[in-house]
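Heads up: the structure comes next, in structure tokens.
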Amino acid sequence: MRIIRARDYDHMSRQAANIISAQVILKPDSVLGLATGSSPIGVYKQLIEWYKKGDLDFSAVRTVNLDEYVGFGESDAQSYIRFMREQFFDHINIDMRCTNIPNGLNPNAEQECSRYDSVIHALGGIDLQLLGLGPNGHIGFNEPADAFTKGTHRVELSDATIQANKRFFESADAVPRSAYTMGICDIMQAKRTVMVVSGSAKAKIVRDAFFGPVTPRVPASILQLHSDFTLVADEAALEYVK
Ligand code: GLP
């Protein structure tokens, strides 16, 4: 595990964007695993800026996103497909046919999850997976559980996650109760993993996840065992990591 200590959110975003741009420059047809949430927004902003300056080309890049709310599609403002278009895809020269997100509108969970795992497999796996960290230690929507999950699956969101994500909705009641998410095994099989974390509210979970025991009760802790994991965090998030 490598830790990059950033000064603040903007610095964290630039540092992580540097890693991703190096990946895309060295391998233009990279498979990028992408994440949603407020943490990676600055990374996308920076990548868009470099693309607009002519320093980055996404025309051959393929992407797979971590997760999507069940019952949500592109017409829903809070869907992750909409998030990705608004925050990233609509501003770069990516071929939308090469982007992948679980289809929240497919009610058949078994079919959707095996379809998504086949997509990842057909792409030959993920070169670099970008991650955020849930306040309860989740990655993607892999919630604290008794065991680590394997492939893409449907998950019932924990109360902590519903509370944390309600800021994007009118109320907690409007937050979907379930989601499709890549499994821990899908994430761990990515060649490189990069996590962005910012702010003092995440300081305790950063300590538990990366300086505590590896346990499915803190899903992100499994990344301690990944052979190429970089944590890019700001000073506030690293408060307990000296
Ligand atoms: C959501 C996403 C996660 C993300 C997490 C943290 O639950 N499914 O992928 O990492 O939120 O979000 P934020 O970065 O806004 O704290």
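Both backbone and side-chain heavy atoms feed into the values below; hydrogens, waters and symmetry mates do not. Counting convention: from 1, in listed order, for ligands and their atoms alike.
The single protein non-hydrogen atom nearest to atom 5 (C) of ligand 1 is His138 NE2, 3.6 Å, given as residue, atom name and distance. Ranking protein heavy atoms by distance to atom 2 (C) of ligand 1, first place goes to Tyr80 OH, 3.7 Å. Distance from atom 6 (C) of ligand 1 to its nearest protein heavy atom, with residue and atom name: Leu133 O, 3.7 Å. When hydrogens are left out, the protein atom nearest atom 8 (N) of ligand 1 is Asp67 OD2, 2.8 Å; that is the closest non-hydrogen contact. For atom 12 (O) of ligand 1, the closest non-hydrogen atom on the protein side is Gly37 CA, 3.9 Å. Looking only at heavy atoms of the protein, atom 4 (C) of ligand 1 is closest to Thr36 O, 3.9 Å. Taking atom 14 (O) of ligand 1 as the reference point, the nearest protein heavy-atom neighbour is Ser39 OG, 2.5 Å.
Ligand-side atoms of ligand 1 in range of Arg167: 13 (P), 15 (O), 16 (O), range being under 4.0 angstrom from any heavy atom. Here is the list of ligand 1 atoms found below 4.0 Å of a heavy atom in Gly132: 10 (O). Close contacts of ligand 1 with Phe141, meaning ligand atoms under 4.0 Å from a residue heavy atom, involve 7 (O), 8 (N).
Considering Phe141, Phe168, Phe83, Tyr180 as possible partners of Tyr69, the one that fulfils the ring pair (Phe, Tyr, Trp, His ring centres under 6.0 Å) test is Phe141.
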Give the C-alpha distance, both sets of side-chain angles, the deciding distance and a yes or no for salt bridge (charged side-chain N to carboxylate O under 4.0 Å, His left out) between Asp146 and Arg217.
CA-CA 7 Å; Asp146 292 334; Arg217 290 274 135 222; 2.5 Å; yes
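The shortest N/O to N/O separation between Gly140 and ligand 1 falls below 3.5 Å. The shortest N or O to N or O distance between Lys202 and ligand 1 is below 3.5 Å.
Between the CD1 atom in Ile126 and the CG atom in Leu66 there is a gap of 7.5 Å [rounded to 0.5 Å]. Atom CG in Leu238 sits 12.5 Å away from atom NZ in Lys202 (nearest 0.5 Å).
Under the 3.5 Å distance criterion, with hydrogens and angles disregarded, no donor-acceptor pair is assigned to the side chains of Ser171 and Asp173.
Sorted by first and then second residue, the salt bridge (Lys or Arg N to Asp or Glu O under 4.0 Å) pairs involving residues 4-21 (not counting sequence neighbours) are Arg5-Glu235.
The closest approach between a heavy atom of Glu143 and any atom of ligand 1 is not below 4.0 Å. Contact analysis leaves Ala35 out of contact with ligand 1, as no non-hydrogen atom separation drops below 4.0 angstrom.
Under 4.0 Å from ligand 1, not a single heavy atom of Leu131 appears.
The main-chain N or O of Val175 is found under 3.5 Å from a side-chain atom of Arg177 such that the two form a donor-acceptor pair. No donor-acceptor pair closer than 3.5 Å links the side chain of Asn142 to the backbone N or O of Thr149.
Around atom CZ of Arg97, no more than 12 heavy atoms belonging to other residues, nucleotides or ligands sit under 6.0 Å away.
Aromatic rings of Tyr240 and Phe211 (six-membered ring for Trp) have centroids beyond the 6.0 Å cut-off, not under it.
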